[in-house]
Asks: 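After the structure tokens below, expect a handful of questions from me.
In listed order, ligands and their atoms are each counted from 1.
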Amino acid sequence: MHEIHIAGEAAQLALGARLAERMRPPFVLYLQGDLGCGKTTLTRGLLRALGHQGAVRSPTYTLIEPYALATTQLYHLDLYRLADPEELEYLGLRDLLETPAIWVIEWPECGGGALPPPDLQLQLGHRPDGRSLRPVATTEAGLALARALYE
Ligand code: ADP
Ligand code: MG
């Protein structure tokens with residue numbers, strides 16, 4: 001699938017909201033790309049569209065932030081500071097995975113084999129006039145969502 005250009009923070013939030021329209025649990029979204037390429041901003045747009053009204057902070061130090069939303073449970077992870085994938089054991093992911101939820105995971109490459117496999121990976125990048133996004137779908141649900149981004 002070809003690259004999508006996202007010009008500005010408002011557009012990044014809107015793209016997150018687009019994802020929220022069709023995302024149903026269980027769903028696992030990986031957000032990949034350098035520091036500052038808009039992973040948390042996109043997550044903020046997604047959470048707001050799902051009805052979350054408070055702040056959306058990057059779980060850089062807590063690693064995981066749970067959100068009990070009207071329609072779904074959502075877990076936002078940022079694994080940038082995870083020293084060892086075994087630390088994930090202490091977060092109790094195994095128990096959390098037993099109930100259908102939406103998982104949004106920044107820096108999944110730091111998580112080793114302990115993470116649930118993705119339905120959709122979004123590869124984000126810096127561009128002089130905004131950000132780039134390339135979807136890589138790995139399940140039918142992921143593909144449906146990726147296609148919706150081009151509509
Ligand atoms: P990450 O979580 O990938 O480290 P953030 O979401 O924290 O990145 O975003 C870093 C900065 O980039 C923020 O100041 C945000 O407003 C800005 N930003 C996000 N998306 C865009 C975009 N599409 N165009 C321009 N700036 C953006
Ligand atoms: Mg972030």
Asks: What pairs with Glu98 under side-chain hydrogen bond (donor to acceptor under 3.5 Å, both in side chains), at least two apart in sequence or on another chain?
Replies: none

Asks: Look only at interatomic distance and state if Gly130 has a nitrogen or oxygen under 3.5 Å from any nitrogen or oxygen of ligand 1.
Replies: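 No; every N/O pair is 3.5 Å or more apart.
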
Asks: Should the heavy atoms of other residues, nucleotides or ligands under 6.0 Å from OH of Tyr90 be counted, would the total exceed 12?
Replies: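 No, not enclosed.
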
Asks: Between Arg44 and ligand 1, find which residue part has any heavy-atom pair under 4.0 Å and reply side chain, backbone, both or neither.
Replies: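 Neither; no heavy atom under 4.0 Å.
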
Asks: At distances under 2.8 Å, what protein N, O or S atoms surround the Mg ion (ligand 2)?
Replies: Thr40 OG1, Glu106 OE1

Asks: Could you pull out, from Gly8, Ala7, Ser58, Gly33, the option with a heavy atom nearest to atom 22 (C) of ligand 1?
Replies: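 It is Gly8 that holds the nearest heavy atom.
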
Asks: So is there a nitrogen or oxygen of Ile6 less than 3.5 Å from a nitrogen or oxygen in ligand 1?
Replies: yes

Asks: Tell me whether Gly36 has any N or O atom under 3.5 angstrom from an N or O of ligand 1.
Replies: yes

Asks: Is there a side-chain contact between Thr41 and Leu13, using heavy atoms and a 4.5 Å cut-off?
Replies: yes

Asks: What part of Lys39, side chain from CB on, backbone N/CA/C/O, both or neither, has a heavy atom under 4.0 Å from ligand 1?
Replies: both

Asks: Taking 4.0 angstrom as the limit and counting only heavy atoms of Glu106, give me the atoms of ligand 1 inside it, by number and element.
Replies: 2 (O)

Asks: Among all protein non-hydrogen atoms, which one is nearest to atom 7 (O) of ligand 1, and what is the separation to 0.1 Å?
Replies: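 Checking every protein heavy atom, the shortest distance to atom 7 (O) of ligand 1 gives Thr40 CB, 4.0 Å.
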
Asks: For the pair Lys39 (side chain) and Asp34 (backbone), establish whether a donor and an acceptor sit closer than 3.5 Å, ignoring hydrogens and angles.
Replies: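 Present.
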
Asks: Report yes if some heavy atom in the side chain of Glu87 is under 4.5 Å from a heavy atom in the side chain of Leu63; otherwise report no.
Replies: yes

Asks: Report yes if some heavy atom in the side chain of Arg44 is under 4.5 Å from a heavy atom in the side chain of Gln12; otherwise report no.
Replies: no

Asks: In the protein, which heavy atom is nearest to atom 18 (N) of ligand 1, and how far is it?
Replies: Arg131 NH2, 3.6 Å

Asks: Does His126 reach the main-chain N or O of Asp129 with its side chain, forming a donor-acceptor pair under 3.5 Å?
Replies: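 The answer is no, because no donor-acceptor pair under 3.5 Å joins these two groups.
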
Asks: Report the nearest protein non-hydrogen atom to atom 8 (O) of ligand 1: residue, atom name, distance rounded to 0.1 Å.
Replies: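 Here the closest protein heavy atom is Gly38 N, 3.0 Å.
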
Asks: Would you mind checking which non-hydrogen protein atom is closest to atom 16 (O) of ligand 1, with the distance to 0.1 Å?
Replies: Glu9 OE1, 2.7 Å

Asks: Does the side chain of Thr43 come within less than 4.5 Å of Glu106's, by heavy atoms?
Replies: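 Sidechains of Thr43 and Glu106: in contact.
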
Asks: For Cys37, is the nearest heavy atom under 4.0 Å from an atom of ligand 1?
Replies: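 The answer is yes: ligand 1 sits under 4.0 Å from a heavy atom of Cys37.
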
Asks: May I ask you to identify the nearest protein heavy atom to atom 23 (N) of ligand 1, giving residue, atom name and distance to one decimal place in Å?
Replies: Gln12 OE1, 2.8 Å

Asks: Closest non-hydrogen protein atom to atom 13 (C) of ligand 1, residue and atom name please, with distance?
Replies: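 Checking every protein heavy atom, the shortest distance to atom 13 (C) of ligand 1 gives Thr41 OG1, 4.4 Å.
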
Asks: Closer than 3.5 angstrom, by distance alone: can the side chain of Arg94 be matched with the main-chain N or O of Glu89 as a donor-acceptor pair?
Replies: no

Asks: Can you see whether Thr138 engages Gln121 through a side-chain donor-acceptor pair at a distance of less than 3.5 angstrom?
Replies: no

Asks: Which ligand 1 atoms are under 4.0 Å away from a heavy-atom of Leu35?
Replies: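 Listed by number with element, the hits are 4 (O).
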
Asks: Which label fits Tyr80 and Trp107: parallel for a plane angle under 30°, tilted from 30 to 60°, or perpendicular past 60°?
Replies: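 Plane angle between 30° and 60°, so tilted.
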
